[in-house]
Chemist: 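Please see the structure below; I have some questions.
Letters A, B, ... are given to chains in the order of the sequence lines, protein chains preceding strands, and every chain is numbered from 1. As a basis for the values below, the full set of heavy atoms in this structure was taken, side chains included, without hydrogen atoms, waters or symmetry mates.
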Amino acid sequence: MKYSIHTDEKWQKKWAEENLYRFDESKMNKKLYCLEMFSYPSATSLHCGHWYNYGVTDTWARFKRMQGFNVFHPQGFDAFGLPAENYAIKTGIHPKDSTDKCIATMLEQYKRLGGSYDLNYFLSTCDESYYKWTQWIFEKLYERNLAYQKEAPINWCPSCKTVLANEQVIDGKCERCGSEVTQRKMKQWFFKITEYADELLKCIDQLDWPEKTKKIQKNWIGKSTGSLITFDIDNGMQLQAFTTRADTLYGLSYVVIAPEHEDVMKLVKPEYKEAVQKYLEQAGKISEIDRISTVRERTGVFTGSYAYNPVNGKKVPVWIADYVIATYGTGFVMAVPAHDERDFDFAQKYHLPISRVIVDKNGAEKELPFCEHGKLINSEEFSGLTTEEAVPAIVKKLEKVGKGKLTTMYRLRDWLISRQRYWGAPIPIIHCPYCGNVLVPESELPVKLPYNVEFRPDGESPLARCAEFMNVKCPKCGADAKRDPDTMDTFVDSSWYFLRFPDNKNDKEPFNREKINQMLPVDKYVGGQEHATMHLLYARFFTKALRDMGYLDFDEPFQSLVHQGIILGPDGQKMSKSKGNTINPDGYIQKYGSDVLRMYLEFAFSYTEGGPWSDAGIEAMARFVNRIESLFDAFEKLEETSTDYGEAEKELEFVRESTVKAVTHDVELFQFNTSLARLMEYLNALNAYLHQAKPDKRFVKTCLDCYVVLLAPFAPHLSEELWEMLGHQGSVFNEPWPNVNEEVLKNRDKVIVIQVNGKLRGEIKVGVQAAKEEIEALAVQKVQSYIPEGQKIVKTIYVPNKLVSIVTK
RNA sequence: GCGGAUAUGGCGGAACUGGUAGACGCAACAGACUUAAAAUCUGUUGGGACUUUGCUCCCGUGCCGGUUCGAUUCCGGCUUUCCGCACCA
């Protein structure tokens, strides 16, 4: 035989005919939900990253299936989104048409990849039958006050002409097109993810996720415990400030409000209006142009107002400064220049008083600003307390007069989901002049995305220009009303698709509760790390919100998570069209077959690391396949002989069993490179045995059977072919994964290494039964000559099956 | 700036809870087959030393130090590269 793309086609056809990978809903006790992050149907074909994610994870899924799990391995498309729309703007091809076409092409490619998918559970987020339920979830969140509309300063990309989520702004630039992001105020829909900040944070520890990803998510949520302190202003207002250092309150020198704070103008005394106005204008510009700069000079302006320090009534000026941001905490902070770097710089610049109230633990007056914890001075009755003691004590004092309380603040902001774009799920809201925001009744869902729309962006939502779509009657009062012209962020679509997969045909509800309670959480989720603070956080939020609404009964969607690394171009740079270093997998499949490509990706990298593509590496994999084939050819030519079970057989059996053990262990942990290395070693051993004087054909046969079963998850098509060649009926994927015969591993003489004073001095071969004392005695005898003259053995350390370490003195 | 990760031959990468560092593969070199080449097969391959070319000795996992009979692995301090956050009060 000769493995090639034709072998792939033969078996793909067969698998499809026999529906080999169908999921058996009747065997829920051994279910295993294996999921790769679904992909975006893009104009180009599957790239190396897809193969690396889907092909390699498929190996794991197949391995689990052979281990007897009822593996649920679905596949679908995250089909809404900007690229299709941008493509449409460029070419004039409607997003729906280009997306449909891409999906058809990509499904064909998935087949060539040899994935063990059950496509009965296929879904695509742009189908009405899917986005109906995306809208339904929006409505449920709205009813539960987890969706709200707010006029807000938002990130606006002037080139994409759309709003961006915080997560889509990288260094002040649009993550897609790289244009400078500007600020605008618009009425936008938000999901109240902050409501779940605490739980999202707490549950992270229980997850079997990469530590790094957990850390990123924790930092993104950014919990900080501190206190809220209320300040009276001389105009009668009250403002609250959040601080983690209530202990420094006696060092208060001024207070600051963010320029974007909604109450800013109320604080400005008439004679300062002009100066403030000028400053605000300037500040607005800076935040647009210079937000990337790390060491931007802090600027500010005095309002004319004063605030009273709640601990001692001392009067301090109220400033406006751009180093305070409106969206974190209360947008109003207390400034203690002696013990905060930012306040210190600012105070120096504007000649505000700086007074020390903290010394270090030993009472030493360290150089200012001194920002560490320490001991209080000049703080009335609190002097002498440590930071840790003083914070609760001061807050307690303030609490008595209603001016302070301990609290928690999060860095996490609510999730802005409105997009002024066409290709997404419409927001199921009707704006009625009399009733306000009204939900589209559930019976009228989905709010269909109209086909004939001018989708070229001009700063307005494309849907706003579609009268047919926009004009409706209010479901409550029947008055003329307008639909919401925006669509939802595509991350909304992908925040619940894993819930839809197991029940993708349900037209009564998004998913059946019993069913998904059985099917979820996802047992193994595989995808890129770039989603750490977006998709992976949103999906967790959706799961928790739906749980609290009673639609499901688990807390976390993805129990175990793995990130694949990134495949770089041959030059070690990230693949990109502009650099011209992209690798298209198609040609390689054509030339070598999909199993070779799959095994190359598995063997050449450590899975979570990735690395540069190498043509030499893929050649090596093709050679590996050739070597397997010539081994099988040699086997077929072998005459029926039988030999007694001897040393050679014993050795090969040992290799076989240790391979089973190692491969089982390594695949489980996504260590495909070492798994394949073991299979190569086993192959070498088989070859050596076969080419010796008297190989036993029947014995070889049992070893080859085992070999093909072990190889199957890595090279599914090739293995089917070999399995057939060995005379078996039916698919190799119906074979059980072999158990390790531990007896064989034990029944082998051990080589024990001997060290004297840490240096390797020899080795001995001992029988399986040898006792510790016996081995030690043999070892001492063996290395007698290495024991320095006049010294005695003071200690002998025996590491079972490995070494004897002798210490002399 | 803060936080996290990383560092092993010419290269990709192995090494389980501290126990023969460099598995497996690539590249390279030598040999076999061949008129020749390719392919294939078989060897060698971290560096160094030799007046014993050897089941020899010494050095070697970014750098400096420590713990240990023994450290790629643990601890302390640097350096490198990558990543996350970046006025978060």
Chemist: Count the heavy atoms belonging to other residues, nucleotides or ligands that lie under 6.0 Å from CD of A:Q238, then report whether that count exceeds 12.
Modeler: yes

Chemist: B:C24 pairs with which nucleotide, Watson-Crick or G-U wobble, both distances below 3.5 Å?
Modeler: B:G12

Chemist: Quick check against the 3.5 Å criterion: does A:Y350 have a side-chain atom that pairs as donor or acceptor with the backbone of A:G300?
Modeler: yes

Chemist: For A:D340 and A:I216, take the nucleotide of RNA chain B holding the closest heavy atom to each; which residue's nucleotide lies nearer the 5' end?
Modeler: A:I216

Chemist: Main chain of A:I229, side chain of A:S227: is a donor-acceptor contact present, judged purely on distance under 3.5 Å?
Modeler: no

Chemist: If you compare every side-chain N and O of A:N801 against the phosphate oxygens of B:G19 (OP1, OP2), does one of them come in below 4.0 Å?
Modeler: no

Chemist: Give none if B:U6 has no partner; otherwise give the nucleotide forming a Watson-Crick or G-U wobble pair with it, both distances under 3.5 Å.
Modeler: none

Chemist: Is there a Watson-Crick or G-U wobble partner for B:U53 with both distances under 3.5 Å, and which nucleotide is it?
Modeler: none

Chemist: Before you tell me yes or no, could you show the steps for A:K782 and A:E763 under salt bridge (charged side-chain N to carboxylate O under 4.0 Å, His left out), namely the whole-Å CA-CA distance, both residues' side-chain angles and the distance that decides it to 0.1 Å?
Modeler: CA-CA 8 Å; A:K782 173 89 182 182; A:E763 55 187 43; over 6 Å; no

Chemist: Can you say whether a donor on the side chain of A:Q755 sits under 3.5 Å from an acceptor on the base of B:G19, or the other way round?
Modeler: yes

Chemist: Under 4.0 Å between a side-chain N or O of A:Y323 and OP1 or OP2 of B:A89?
Modeler: no

Chemist: Where the side chain of A:M680 is defined as all heavy atoms beyond and including C-beta, which of B:G25, B:C57, B:A89 is the nearest nucleotide?
Modeler: B:G25

Chemist: With sugar-phosphate meaning primed atoms plus P, OP1 and OP2, does A:Y786 contact a base, only sugar-phosphate, or nothing at under 4.0 Å between heavy atoms?
Modeler: sugar-phosphate

Chemist: Please classify the nucleic acid contact of A:V256 as base, sugar-phosphate, or nothing, using heavy-atom distances under 4.0 Å.
Modeler: nothing

Chemist: Whom does B:G46 pair with, Watson-Crick or G-U wobble, provided both distances fall under 3.5 Å?
Modeler: B:C59

Chemist: Scan A:K215 against the nucleic acid and name what it touches under 4.0 Å (heavy atoms): base, sugar-phosphate only, or nothing.
Modeler: sugar-phosphate

Chemist: Is the base of B:C55 syn or anti, if syn means a glycosidic angle within 90° of 0?
Modeler: syn

Chemist: Give the intermediate values and the outcome of side chain to side chain contact (heavy atoms under 4.5 Å, CB included) for residues A:L239 and A:T330.
Modeler: CA-CA 8 Å; A:L239 283 173; A:T330 58; over 6 Å; no

Chemist: Should B:G4 be called syn or anti, with syn set as within 90° of 0?
Modeler: anti

Chemist: Between the protein and nucleotides 11-15 of chain B, which nitrogen or oxygen pairs come in under 3.5 angstrom?
Modeler:
| from | atom 1 | to | atom 2 | distance (Å) |
| --- | --- | --- | --- | --- |
| B:G12 | O2' | A:A604 | O | 2.4 |
| B:G13 | OP1 | A:G610 | O | 3.3 |
| B:G13 | O3' | A:N673 | ND2 | 3.3 |
| B:A14 | OP1 | A:S606 | OG | 3.3 |
| B:A14 | OP1 | A:N673 | ND2 | 3.4 |

Chemist: Checking ring-ring contact (aromatic ring centres under 6.0 Å, His included) between A:Y588 and each of A:Y600, A:W51, A:W613, which is the one that passes?
Modeler: A:W613

Chemist: Could you verify whether a donor N or O on one side chain and an acceptor N or O on the other, from A:N673 and A:S606, lie under 3.5 Å apart?
Modeler: no

Chemist: Measure from the side chain of A:A677, starting at C-beta and using heavy atoms only, and say which of B:C58, B:C85, B:C24 lies closest.
Modeler: B:C24

Chemist: For the pair A:Y786 (side chain) and A:N757 (backbone), establish whether a donor and an acceptor sit closer than 3.5 Å, ignoring hydrogens and angles.
Modeler: no

Chemist: Is the number of heavy atoms from other residues, nucleotides or ligands under 6.0 Å of A:K765 NZ greater than 12?
Modeler: no

Chemist: Does A:R411 have a side-chain nitrogen or oxygen under 4.0 Å from the phosphate oxygens OP1 or OP2 of B:C2?
Modeler: no

Chemist: Using OP1 and OP2 only, check whether a side-chain N or O of A:K795 sits under 4.0 Å from B:C69.
Modeler: yes

Chemist: Parallel, tilted or perpendicular: which fits the ring planes of A:Y607 and A:F670, with parallel below 30° and perpendicular above 60°?
Modeler: tilted

Chemist: Tell me the partner of B:G31, counting only Watson-Crick (N1-N3 plus N6-O4 or O6-N4) or G-U wobble (N1-O2 and O6-N3) with both under 3.5 Å; none if nothing fits.
Modeler: B:C41

Chemist: Could you work out which one of B:C83, B:C55, B:C85 sits closest to the side chain of A:K782?
Modeler: B:C55

Chemist: Assign each of A:R678 and A:K802 to its nearest nucleotide of RNA chain B by heavy atoms, then name whichever residue's nucleotide is nearer the 5' end.
Modeler: A:K802

Chemist: Using atom P of each nucleotide, how far apart are B:U6 and B:C82 to the nearest Å?
Modeler: 16 Å

Chemist: Near RNA chain B, which residues from residues 620-637 of chain A have a heavy atom under 4.0 Å away?
Modeler: A:A620, A:R623, A:R627

Chemist: Would you classify A:S224 as touching base, sugar-phosphate or nothing, given that sugar-phosphate means primed atoms plus P, OP1 and OP2, and contacts are heavy atoms under 4.0 Å?
Modeler: sugar-phosphate

